[in-house]
Amino acid sequence: MQVTPELLIQVLLIGITNGAIIALVALGYTLVYGIVELINFAHGDVFMLGTMLSLTMVTWVPSLMGLRGAWLMPTPLLMALVLGTLILAMVFCGLLNVAIERFAYRRLRNAPRLAPLITAIGVSFILVNVGLHWKGASPVNFPDLLPNVNLLAGVLGLNTTVTFTLKDLLVILITVPLIVGLQLFVQRTRLGKAMRATAQDREAAQIMGIDINLTIALTFLLGGALAGAAGLAFGLYNNIAWFFQGFRNGLYAFTAAVMGGIGNVTGAALGGFVIGLLAAFSDFFFDPRWTQAVVFAVLILILVFRPTGLLGEKQAERA
Amino acid sequence: MALLEATDLHTYYGHIHALKGISLHVEEGEIVTLIGANGAGKTTTLKSISGLLHPRRGTITLAGRRIDQMPPHEIVGLGIGQAPEGRRIFPRMTVQENLEMGAFARRDGSIKADMERVLTLFPRLKERTNQLGGTLSGGEQQMLAIGRALMARPRVLLLDEPSMGLAPMLVELIFRTIVEINQQGTTILLVEQNALMALNVARRGYVLETGTIVLHDTAANLQQNEMVQKAYLGIE
């Protein structure tokens, strides 16, 4: 294969976009791990249900209007549909995650670690089965919502073979602000600080006046909402919805969170982009069949040399 | 009426009966100390007051109001601040953020002024406001833990083993500051293994042994008490 600068840029764009979706899911893993030290194995499947709900919305609403597909809707209505679907997916997945915490994990908060972990795997199977019954066993087409316009050559008139479509832009517009917004929320806001304090020392947080049940619920809400947004972005970008998509993508996202340093919010975002780029470069320049092997080989290498992940730090010792 | 009053507290860890009928009271403006050996129930008493543990039997009132079954975050809002055993500062937050967390339950506008007050009380912290809590020395962490508890503007400040693991000079400094905080108007319930220091600053003291109070008297009398001298002050 001829490696041209244009091809490099193209692969870079694909990697960044996929990476942003992985990062959104990874943030949910890392937030929850940070605060309750649980690998929430059901998280990938919450993301999957986000795609399923989004698919229902973008097919059902146009059919109500008597149209064959969302792409036939007038532009303002289409934009409203995308925004409405995004909000609905975020609210749905956020509340679903809160409910999972409330009913499955909360009672096990002080139980041995394995109990909530096995529970999470159980919840994962339940959600996978919900997805299976909802949309069937085969992958379902997630329709294109936007006209397939190449922004670089078509709109900006650049003389390039690199394609960056309206759809690519939309996915970036959904994912990147949420990633940046979460960082700001955790660092700057009162509730974000309550989350960090609870993650660092739950008992001390309580005697500061922090309601830890509320703070933990908020963490699951945020993680779930991001997974919902990622679910819509994934469907839009890959034109597919499948009941089993949460497994592979959840594993990638979990890997991203570990690679960045589990519990570290910036690390999870970074890990998402690293894995997105790695996967894209492996797909194009090596062999897609080897991509998972490449991703996990790099993960192992990173952990051998930095066991706490890229941005993870050893917890400071108490003097 | 006492500012803080506990009556016949029975607190359990699972099946372990840790407090077997503790009754104590703290009047407005006092320093009261709880002394006793490891495992006597001192920390359990403080945790029962701050709501981290709930007594199965007995009552706790703050200014006449029942608090014994309230969650800890509500008790903080009513005016009980705690510098817990082992300091428990937030290691990956800066000194300033730790102090801000102390004021989490408050919504008023004078938090900045209180931070100044705490930093004046502990000048060592002032030089380190942007340093991460986990990188402080043990003495500095203790100052931060006390300062953080003060940021809640507590009516009663619970101090759990503030001298633990500190060099003698730092212990002196911490105890001088405790007296200063008290003189500025904060009531203090002090748990200590260092009975000598604790009885020097306190007005009254309770001696705990295996979950019950075996002695209660003024600090001066306790210092003269033969049993206390033998068991806690190392005087034969």
* Heavy atoms of other groups near Arg306(A) CZ, more than 12 under 6.0 Å -> yes
Cut-off 4.5 Å, heavy atoms of chain A, and the answer for Glu100(B) is side chain
Listed by number, the residues in residues 33-41 of chain B that come under 4.5 Å of chain A (heavy atom to heavy atom) are none
Heavy-atom closest pair (Gln206(A) atom, Leu52(B) atom, distance to 0.1 Å) is OE1-CD2, 3.3 Å
* **Heavy-atom check, side chain of Ile207(A) versus side chain of Pro84(B), under 4.5 Å** => yes
Requested in this report: Check the surroundings of atom CZ in Arg190(A): do more than 12 heavy atoms from other residues, nucleotides or ligands lie under 6.0 Å from it?
Outcome: yes
Residues Ala197(A) and Phe90(B): closest non-hydrogen pair is O-CE2, 3.4 Å
Closest non-hydrogen contact found for Gly209(A) with Phe104(B) is O-CD2, 3.7 Å
Comparing Glu74(B), Arg148(B), Met151(B) against chain A, the one with the most heavy-atom pairs below 4.5 Å turns out to be Arg148(B)
Checklist entry - Should Met208(A) and His73(B) count as side-chain neighbours, where that means a heavy-atom distance under 4.5 Å? => result no
OG1 of Thr198(A) to CE of Met101(B), rounded to nearest 0.5 Å, is 7.0 Å
- Taking atom CZ of Phe247(A) as the centre, does the number of heavy atoms from other residues, nucleotides or ligands within less than 6.0 Å exceed 12? no
Under 4.5 Å to a heavy atom of chain A? For Glu140(B) that would be neither
Q) Are any of the side-chain heavy atoms of Glu97(B) and Arg196(A) separated by less than 4.5 Å? A) yes
Check: If we only count heavy atoms from C-beta on, is the Pro91(B) to Gln200(A) side-chain gap below 4.5 Å?
Finding: yes
With a sphere of 6.0 Å drawn around CZ of Phe296(A), does it hold more than 12 non-hydrogen atoms of other residues, nucleotides or ligands? yes
